[in-house]
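Step one of this worksheet: look at the structure below.
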Amino acid sequence: MADIKSKLLSKLEELKQRYVALEAQLHEPAVISNHARMIEISKEQKKLRDVVSRYDSFQQVQTQIAQAKAMLEDSASDTDLKSLAEQEISELTAKSQQLFEQIQEALVMGDDEQIGSVIIEIRAGTGGDEAALFARDIYEMYLRYAEKHGWKVEQIDFSANDLGGFREVIM
């Protein structure tokens, strides 16, 4: 388990370095003048932001644990201070474990949150030609919505009726 944790921490450090490098690239004049490149870098940075933020919090807690342990091991500290340090170590260790689990979850679930495409199926219900015309209206509504947001729409399959309505459309 310790080996897995050390590998994960190493990977997190790589992701953090990548995030910092992307941040630096966003301030370069060549990137600022290239709108497409700037969007690409911003999207990649956004994907890393949540994990890197949690990793930073995890590192802060680890630093606090190290400071509390140093206080505990200091022979000049009185018993009350050592008692407080033990209590703080216990609380911080639990917080550290919780943050580490959140980081693992964010790494595993991160790709699921970044949906690249969606398939929509619209089918006419009972009602014959009127239902098919309504399905056509729904299709056009989604088309306008996608155009408004700058999304690409590709019609995969459709089945039209005689009046110009859709029995079904997949896009």
Side-chain contact, heavy-atom cut-off 4.5 Å: [X] with [Y]?
| X | Y | value |
| --- | --- | --- |
| Glu121 | Arg123 | yes |
| Glu14 | Gln17 | no |
| Phe58 | Gln102 | no |
| Met171 | Ile119 | no |
| Leu9 | Phe100 | yes |

Is [Y] reachable from [X] through a run of hydrophobic residues whose side-chain heavy atoms are each under 4.5 Å from the next?
| X | Y | value |
| --- | --- | --- |
| Ile65 | Leu84 | no |
| Phe166 | Val153 | yes |
| Leu143 | Tyr145 | no |
| Met141 | Ile122 | yes |
| Trp151 | Ile120 | no |

Shortest non-hydrogen contact from [X] to [Y]?
| X | Y | answer |
| --- | --- | --- |
| Gly125 | Ala131 | O-CB, 3.3 Å |
| Ala85 | Ala68 | CB-O, 3.7 Å |
| Leu163 | Leu133 | O-CD2, 3.8 Å |
| Ala132 | Asn161 | CB-ND2, 3.2 Å |
| Leu26 | Ile32 | O-CG1, 3.5 Å |

Original post:
Do you know which of Glu23, Arg18, Gln25 makes side-chain hydrogen bond (donor to acceptor under 3.5 Å, both in side chains) with Gln45?
Top reply: Glu23

Original post:
Between Gln59 and Tyr55, do the side chains contain an N or O donor and an N or O acceptor separated by less than 3.5 Å?
Top reply: yes

**OP:** Compute whether any side-chain donor of one residue and acceptor of the other, for Gln60 and Gln64, lie under 3.5 angstrom apart.
**Re:** no

Subject >> Salt bridge present between Glu140 and Arg136 (N-O < 4.0 angstrom) >> reply: yes

How many angstroms lie between atom [atom1] of [X] and atom [atom2] of [Y], to the nearest 0.5 angstrom?
| X | Y | atom1 | atom2 | answer |
| --- | --- | --- | --- | --- |
| Ile41 | Glu28 | CD1 | CD | 7.0 Å |
| Glu147 | Arg144 | CD | CZ | 8.5 Å |
| Ser57 | Gln98 | OG | CD | 11.0 Å |
| Leu15 | Leu48 | CG | CG | 5.5 Å |
| Leu22 | Lys47 | CG | NZ | 11.5 Å |

Can you confirm whether [X] is buried at [atom1], in the sense that more than 12 heavy atoms of other residues, nucleotides or ligands lie under 6.0 Å from that atom?
| X | atom1 | result |
| --- | --- | --- |
| Lys95 | NZ | no |
| His27 | NE2 | yes |
| Asp162 | CG | no |

Quick check: does any side chain N or O of [X] sit under 3.5 Å from a backbone N or O of [Y], one acting as donor and the other as acceptor?
| X | Y | result |
| --- | --- | --- |
| Ser42 | Met38 | yes |
| Arg54 | Ile103 | no |
| Ser96 | Leu92 | no |
| Ser33 | Pro29 | yes |

Subject >> Lys16 and Glu13: CA distance, side-chain angles, deciding distance, salt bridge (Lys or Arg N to Asp or Glu O under 4.0 Å) verdict >> reply: CA-CA 5 Å; Lys16 183 176 181 177; Glu13 192 59 40; 5.4 Å; no

**OP:** Decide side chain to side chain donor-acceptor pair (under 3.5 Å) for Tyr19 and Glu44; before the verdict, give the C-alpha distance in whole Å, the side-chain angles of both, and the deciding distance to 0.1 Å.
**Re:** CA-CA 8 Å; Tyr19 182 83; Glu44 184 179 352; over 6 Å; no

